[in-house]
There are 2 protein chains.
Amino acid sequence: MPAVADPLTRTAALFHALSDETRLEILELLRDGERCVCELQAELDAAQSRLSFHLRVLREAGLVNDRREGRWMYYTLATSTFAEVHASLARLSGSDAAVPGAPKTAKAATAGAKRALRVVTDCCG
Amino acid sequence: MPAVADPLTRTAALFHALSDETRLEILELLRDGERCVCELQAELDAAQSRLSFHLRVLREAGLVNDRREGRWMYYTLATSTFAEVHASLARLSGSDAAVPGAPKTAKAATAGAKRALRVVTDCCG
DNA sequence: GAACAATATCAACGAAAATTGATATGTCAA
DNA sequence: TTGACATATCAATTTTCGTTGATATTGTTC
C-alpha cells in the first residue's frame, strides 16, 4: 500500500470512517471536547473492545487524535481532517475546481473545457 | 422501517453511499452535468449490473436524480442532498471545535450547558 | 515485583455489502 | 409484432465490516 493513497481512495476511506452510527456518536461526544475512553465507554454503553475498534477506525482515518496520560487515553477531534472532508465534499458537489493529479487516462483535458474528453459512445446520441 | 430515519442513522447512510470509489467516480462525472447510463458505463468501464447497483445506492440515498428519456436513463446530482451532507458534516466538526491542548473540563459549564449530562465514571477522575 | 486497572489487539464468527452472470422489463424501430 | 437495445433486478458468491470474548500490553500502586 502506498504511503499516500490516490485522492478518490482517500476520500472513500474518510467517508467510510464516517459511515457508522457508533462512530458518529463518538464524534459527537468529542465535538464538546476531549474525552477519555472510559468516559466514552460509559456514555455509549458499548463493549470495551467494540469501542476500541471504532476508535481505531477513526484514528486510522485521521479523524481523531489520541494522547496518553497515565493509564488513560484521551481522544480529540482532528479538525484538519474534517477540513479535508469538507473540501472533498465540496469538490464532489461543487462547481468545477480542476484538481491536479487526475485519476484515469481519460482526463488529459484541455484548460477550460469541462467535459473535455467525453468518451465516445454508440448509444444516446 | 420508519419513513424518516433518526438523524444519526440518516447521516451514516449518506456517508455510506459516499464511501465507495466507484460511486465517487460516478458523482465526479455527474458534477459536470447530466449523464446517460451508457456514457457512465463507457467512462467507468464498469460491468453494467455493477454500475446499475451503484446508481441504485446513490439514488436510494437521494444523492442523484434519474430521468427516463426514451430508452435511456439520465442521472444528475441531487444538490439539495449534498447540502444536507454538508450540514451534517458541519454539525460533527461543529462550531466550537475541540482544541487538543484545551483543559478537559473547562467548557462544560458555559452558556448552553452542552455537556449537561455527563455520565459519571469511576475512572480518569 | 505482584496485583490491578485501562486500553489495545486478536481470532472467530455472523451480517452486510459488492461483484458477477443471468434474466426480466421497458422502449424503440423495422 | 418481432427483434434489438438500454437498463434494472435477481440469485449466487465473495469480500468486507462489525461484534464478541479472550488475551496482550502498558502504566500504576502497593
Side-chain angles (χ1 to χ4, degrees), chain A residues 1 5 8-9 12-26 29-30 34-61 64-76 119-125, chain B residues 1 5 8-9 12-26 29-30 34-61 63-76 104 119-125:
Chain A
M1 281 204 199
L8 270 192
T9 306
L14 282 172
F15 284 131
H16 170 256
L18 292 168
S19 72
D20 177 275
E21 266 190 77
T22 302
R23 293 196 285 271
L24 292 179
E25 285 187 69
I26 293 172
L29 289 170
L30 294 182
E34 192 175 61
R35 293 295 179 97
C36 162
V37 171
C38 65
E39 294 178 284
L40 294 172
Q41 197 174 338
E43 311 209 46
L44 294 174
D45 191 30
Q48 188 268 319
S49 69
R50 187 164 86 96
L51 176 56
S52 206
F53 166 78
H54 288 297
L55 285 171
R56 184 222 273 253
V57 173
L58 291 171
R59 181 173 3 105
E60 287 182 344
V64 300
N65 301 118
D66 60 343
R67 163 177 87 82
R68 176 180 285 280
E69 186 176 318
R71 38 184 173 185
W72 298 292
M73 287 297 278
Y74 289 92
Y75 283 82
T76 49
V119 171
V120 181
T121 56
D122 47 353
C123 72
C124 84
Chain B
M1 280 198 208
L8 269 193
T9 307
L14 282 173
F15 284 132
H16 169 255
L18 292 168
S19 72
D20 177 275
E21 265 189 79
T22 302
R23 292 196 287 270
L24 292 179
E25 285 187 69
I26 293 171
L29 289 170
L30 294 182
E34 191 175 63
R35 292 296 178 98
C36 161
V37 171
C38 64
E39 292 178 284
L40 295 173
Q41 195 174 340
E43 310 210 45
L44 295 174
D45 191 30
Q48 187 268 318
S49 69
R50 188 165 87 94
L51 176 55
S52 207
F53 167 77
H54 287 297
L55 285 171
R56 186 222 272 252
V57 173
L58 291 171
R59 182 174 1 106
E60 287 181 344
L63 287 163
V64 300
N65 301 118
D66 59 342
R67 164 177 86 83
R68 162 160 250 136
E69 187 175 319
R71 37 185 174 183
W72 299 292
M73 287 298 277
Y74 289 92
Y75 283 83
T76 48
K104 45 186 213 162
V119 172
V120 181
T121 55
D122 47 353
C123 71
C124 83

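Below, each value reflects all heavy atoms present in this structure, side chains not excepted, and no hydrogens, waters or symmetry copies. Remember, it's a predicted structure, so these values are computed and weren't measured experimentally. Letters A, B, ... mirror the listed sequences (proteins, then strands); counts begin at 1.
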Sub-4.5 Å side-chain heavy-atom contact between V57(A) and D20(A): no

Any L30(A) side-chain heavy atom under 4.5 Å of L58(A) side chain: no

Between CD on residue E39(B) and CD on residue E34(B), distance to nearest 0.5 Å: 9.0 Å

Interatomic distance, L55(A) atom CG to R35(A) atom CZ [nearest 0.5 angstrom]: 12.5 Å

d(CG, L18(A); P, dC17(D)) in whole Å: 14 Å

List in chain and number order the residues that pass side chain to side chain contact (heavy atoms under 4.5 Å, CB included) with [X], two or more places apart in sequence or in another chain; answer none if no residue qualifies.
| X | value |
| --- | --- |
| S19(A) | H16(A), R23(A), F15(B), H16(B) |
| R59(A) | R56(A), V64(A), D66(A), Y75(A) |
| S49(A) | none |
| R50(A) | T22(A), A46(A), A47(A), H54(A) |

Chain A contact limits on DNA chain C, taken 5' to 3' with a cut-off of 4.0 angstrom to heavy atoms: dA5(C) to dT9(C)

Heavy-atom protein contacts under 4.0 Å, nucleotides 24-30 of chain D, coded B base, S sugar-phosphate only, - none: ---SSS-

Closest non-hydrogen atom pair between L63(B) and L18(B), with its separation: CD1-CD2, 3.9 Å

Terminal helix-axis angle for the helix from dG1(C)-dC30(D) to dA30(C)-dT1(D), with five pairs defining each axis and rounding to 10 degrees: 20°

Full working for side-chain contact (heavy atoms from CB on, under 4.5 Å) between E25(B) and L8(A): CA-CA 8 Å; E25(B) 285 187 69; L8(A) 270 192; 3.2 Å; yes

Sugar-phosphate only, base, or nothing, as touched by Y75(A) at under 4.0 Å among non-hydrogen atoms: sugar-phosphate

SG proximity flag C123(A)/C38(B), limit 2.5 angstrom: yes

Near-strand residues of residues 48-61 of chain B, defined as heavy-atom separation under 4.0 angstrom from DNA chain D: Q48(B), S49(B), S52(B), R56(B)

First of R23(A) and C124(A) reached from the 5' end of DNA chain D, by closest nucleotide: C124(A)

Listed partners of T9(B) passing side chain to side chain donor-acceptor pair (under 3.5 Å), at least two apart: E21(A), D6(B)

Disulfide bond (SG atoms under 2.5 Å apart) partners for C124(A), two or more places apart: none

